[in-house]
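We count ligands from 1, going down the list as the structure has it; atoms in each ligand are counted the same way. What's counted below: heavy atoms across the whole structure, side chains too, no hydrogens, waters or symmetry copies. FYI, the numbering just counts along the sequence from 1. All figures in this text were calculated on a predicted structure; none of them were measured in a lab.
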Amino acid sequence: MTTTDPATEVDLLRFPPDFLWGAATAAFQIEGATTEDGRGPSIWDTFAARPGAVLGGDTGDPACDHYRRYASDVELVAGLGLGAYRFSVAWPRVQPTGAGRVEPRGLDFYDRLVDELLGRGVRPVATLYHWDLPQALEDAGGWRSRDTSYRFADYAAFVHERLADRVQLWTTLNEPWCSAFLGYADGVHAPGVVDPKGALEAAHHLLLGHGLAVEAMRAQAPADHRLSIVLNFCSVTPDSDPEAARRVDGLQNRLFLDPLAGRGYPEDVLADTAWLGDWSAVVREGDLDVIAAPIDWMGVNYYSPTRVALSDDPAFVPGGPHPGLRGVEFLPARGEVTGFGWEVDASSFTALLERLGRDVDVPLVVTENGSAFPDEVVDGEVDDVERTRYLVDHLRAVHRAVQAGVDVRGYFAWSLLDNFEWAAGYSQRFGIVHVDYATQVRTVKRSGRTLARVVGANAVPATGYDVA
Ligand code: IFM
């Protein structure tokens, strides 16, 4: 719906009345305190300690020191007027070895965080796994081992049980594509393994873990609980021949989407990856039914489109994170890019949401969307014009999808705070709030003030960016 703001005479694109506005973070990226209160080591602690694995030798400490500063961070969230906050639970903080003994001090932290959020009128959205696998489970095979799926379901059940009286919105996994393919195919993320066939097996075990966790949580969940998974989608643009896009879309999007939607693993992706060996031998009878356990919503993480072309050599293996991909080249980004070099194209976001509106039969929530730029604090302000434009353009893109009939129920900016950007360490800033890591001073950026205005109006201006 479009209305005109009488004060400014600017046309406003209004979002549906119950639209959920929030910002997202993840435990390892912000908490710090990696050895405190009985927390066990995660694969990211081990990986970051490996020379050359993370830019600048950065580690999960101190990050944003959120473990100690959570109350003032929640105050920031409330100050921005956000109705919701998406956080993740660190598995090794609440169960140091990923099995058996539960660490009460770790669970207490999330208890306090949830109470703080509710006390300030902010709805908690809990993600159970955002990549920080307990190292002890990796030592036993990690996600390449089927046992990890069962350990995950056990862990999900006890965390859910503890917070169930106050948290209604749950996500099992964040971006299993990254866990499986960046972690086990490309090796640029923890645990830093290069094993393409094993990466596909890991993808199956992640999805199985999701399904088992949904079953366990559903069995104990009150009727108002809403369970989900969060996938990182990519819109794949072919240079000319759509065949290149089919292959990449298969490994990037459909390999995860199809089994979750009850369609099983896509035949074309099974055929494309068969030369690696029969990874689907790990799929046991009944697994696909478990993976297709009904969910209530799907989280959509979106940042950038990918450009691809068929290579002259059909046997060319581009390497990188897509296991089994052959005969395809990734093309350079075009036009405007972020500080990370990611192409900026909001129209591809609308197209993706419209496609998901057709392919997914549950409501969608944008659980991450954002951009990294090298910000500076000048006279106490961060004038992040580029991120602000990215934000507003992508909100318009979401609005267009809603207008086209796609059931999008919310938008979470990535990220509330600048934080540990995985292999890039602290070099990439995604926050709508700047963090000075030396002093831990937080400064709300122009993009944060803009989001606050958008949330206040439940609308984004139809043109221009001057809403801060
Ligand atoms: O920082 C990450 C986040 O942990 C998962 N989604 C993408 C973000 C930006 O790279």
Mind checking what makes side-chain contact (heavy atoms from CB on, under 4.5 Å) contact with Thr338, not counting sequence neighbours?
Phe340, Trp342, Val344, Ser371, Phe373
Applying side-chain contact (heavy atoms from CB on, under 4.5 Å), name anything that partners Asp383, two or more places apart in sequence or on another chain.
Val385, Arg446
Taking only residues two or more places apart in sequence, or in another chain, which ones meet Asp58 in a salt bridge (Lys or Arg N to Asp or Glu O under 4.0 Å)?
none
Atom-level proximity to ligand 1, residues with heavy atom under 4.0 Å:
Gln29, His130, Trp131, Asn174, Glu175, Tyr303, Trp342, Glu368, Trp414, Glu421, Trp422, Phe430
In this structure, is the centre-to-centre distance between the rings of Phe412 and Trp21 below 6.0 Å?
no
Does Arg93 qualify as a cation-pi partner of Tyr155, given the criterion of NZ or CZ under 6.0 Å from the six-membered ring centre and within 45 degrees of its axis?
no
Would you say the ring centroid of His204 lies under 6.0 angstrom from that of Trp279?
no
